[in-house]
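Read the structure below first, then the notes.
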Amino acid sequence: KKIIYTIWKPNRFNLDLRVYDLEANTDVLIEANVYDFAEARDNKIFYTVGNAKFRPLVCNNFEGTERIEIMQNVERIVDYRAGWFYVLRGKIKDGNAALIKVSFDGTKRIVLCTQLSKIVYTTPTHIYFINVFDEFRVVRRDGEENNLICTDVDENNVIVDDNAIYYARREYVGDNKYNN
């Protein structure tokens, strides 16, 4: 019986996160300067706030009165399922991004991979990604396995369809170190 919505401001780092209560006919500003709205679960709203240098993952109630910071420096919320967020922490462009599995209450955290360059594909049980060393890898969502699929992968030439993942691999040819 509540509508959760954002209103855009002049740039992408300035969203107002609001809740409209249909029964009480009230419209409440939860937080300004919201970067990314993620999810509403169990009478709580999860989102990131800030700008390019400051993005904590936050939990709040529908009235905006119980704000809790779950984790600092969240680049992006990649996915959420079964009581867990999958977030990028750090910056991909700087080569120091980590994919982290975080419980909704923030008390449990599992680092799934570091030095992430690009997430290619996700399934209910696995996440396929390329790291800064151009390694194509797959990690189980529980963090128990992180396996190499192939090296020297061109991250711009990965195609996913319903049945397979196709990729271009760099090969040494002649005097050039790499030819795609």
Side-chain angles (χ1 to χ4, degrees), residues 1-129 131-132 138-146:
K1 300 181 182 180
K2 298 185 187 314
I3 298 171
I4 303 165
Y5 66 100
T6 56
I7 297 176
W8 285 96
K9 295 295 180 173
N11 65 55
R12 68 185 183 111
F13 297 115
N14 291 310
L15 293 170
D16 283 351
L17 180 63
R18 305 185 70 88
V19 173
Y20 183 77
D21 187 321
L22 295 169
E23 289 180 345
N25 196 28
T26 57
D27 191 8
V28 177
L29 173 66
I30 302 300
E31 186 143 3
N33 202 29
V34 170
Y35 178 72
D36 188 23
F37 168 70
E39 179 78 359
R41 298 266 176 166
D42 301 324
N43 295 319
K44 295 181 181 172
I45 306 169
F46 299 90
Y47 54 93
T48 55
V49 296
N51 54 39
K53 295 182 182 184
F54 176 74
R55 293 185 193 152
L57 176 61
V58 174
C59 172
N60 210 332
N61 64 359
F62 289 142
E63 292 76 35
T65 59
E66 297 178 10
R67 186 181 190 278
I68 300 167
E69 286 190 13
I70 295 173
M71 177 183 257
Q72 291 287 321
N73 195 23
V74 174
E75 174 73 15
R76 189 173 90 215
I77 301 163
V78 176
D79 198 3
Y80 42 87
R81 60 176 79 227
W84 295 90
F85 282 109
Y86 296 83
V87 301
L88 286 180
R89 188 167 189 198
K91 301 245 181 237
I92 285 181
K93 67 180 183 176
D94 295 338
N96 66 351
L99 179 62
I100 302 173
K101 179 179 177 178
V102 182
S103 62
F104 278 2
D105 63 5
T107 59
K108 298 175 188 156
R109 298 176 185 183
I110 300 168
V111 176
L112 299 178
C113 68
T114 59
Q115 298 176 315
L116 179 73
S117 179
K118 182 178 186 177
I119 294 175
V120 175
Y121 186 66
T122 63
T123 71
T125 57
H126 292 83
I127 298 172
Y128 295 80
F129 67 95
N131 66 16
V132 296
V138 60
V139 62
R140 273 187 9 195
R141 284 187 182 260
D142 62 8
E144 292 297 317
E145 291 180 18
N146 185 331

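Between the side chain of R141 and the backbone N or O of T123, at least one donor-acceptor pair lies under 3.5 Å. Counting only distance, with no hydrogens or angles, the side chain of S117 and the backbone of V132 share no donor-acceptor pair below 3.5 Å.
Contact between T48 and V34 at its shortest, heavy atoms only, is O-CG1, 3.4 Å. Closest approach of F62 to K2, counting heavy atoms only: CD1-CD, 3.4 Å. The minimum heavy-atom distance between C59 and I70, with the atom names listed, is CB-CD1, 3.7 Å. Closest non-hydrogen pair, N146 versus C113, comes out as ND2-CB, 3.9 Å.
Between L15 and N33 there is no side-chain heavy-atom pair separated by less than 4.5 Å. Looking at R81 and P124, their side chains come closer than 4.5 Å, going by heavy atoms from C-beta outward. You'll find the side chain of L116 reaches within 4.5 Å of the side chain of L88, heavy atoms only. F46 has its side chain out of reach of N60: every pair of non-hydrogen atoms, C-beta onward, lies at least 4.5 Å apart. Put simply, the side chain of I30 reaches to within 4.5 Å of the side chain of I45, judged on heavy atoms. L57 places a side-chain heavy atom less than 4.5 Å from the side chain of F85. For the pair V87 and V78, the minimum side-chain heavy-atom distance is 4.5 Å or more. The closest side-chain heavy-atom distance from Y121 to V138 is not below 4.5 Å.
Put simply, the residue from E69, R55, R67 that forms a side-chain contact (heavy atoms from CB on, under 4.5 Å) with V49 is R67.
Atom CG of L29 sits about 8.0 Å away from atom CG of L17, to the nearest 0.5 Å. Taken to the nearest 0.5 Å, the CG atom of D105 stands 11.0 Å off from the CG atom of D42. The distance from atom NZ of K101 to atom CG of D79, rounded to the nearest 0.5 Å, is 11.0 Å.
Counted by atom type alone, D16 and Y5 present zero donor-acceptor pairs between their side chains at under 3.5 Å.
Taking the centre and axis of the six-membered ring of F104, the NZ or CZ atom of R41 falls outside the cone set by 45° and 6.0 Å.
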- Task: Before giving the answer on side chain to side chain contact (heavy atoms under 4.5 Å, CB included), spell out for Y86 and I127 the whole-Å C-alpha distance, their side-chain angles and the decisive distance to 0.1 Å.
- Result: CA-CA 10 Å; Y86 296 83; I127 298 172; 4.0 Å; yes

- Message: Is there a side chain to side chain contact (heavy atoms under 4.5 Å, CB included) between Y20 and T26? Walk through the geometry before answering.
- Response: CA-CA 6 Å; Y20 183 77; T26 57; over 6 Å; no

- I would like to know whether R18 and D27 meet side chain to side chain contact (heavy atoms under 4.5 Å, CB included); could you show each step before the answer? CA-CA 7 Å; R18 305 185 70 88; D27 191 8; 3.4 Å; yes

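Salt bridge R89/E75: absent, no basic N to carboxylate O contact under 4.0 Å. Using a 4.0 Å cut-off between a side-chain N of Lys or Arg and a carboxylate O of Asp or Glu, D21 and K1 do not qualify as a salt bridge. A salt bridge links R140 to D142: at least one charged side-chain nitrogen sits closer than 4.0 Å to a carboxylate oxygen.
Within a 6.0 Å radius of NZ in K118, more than 12 heavy atoms belonging to other residues, nucleotides or ligands are found.
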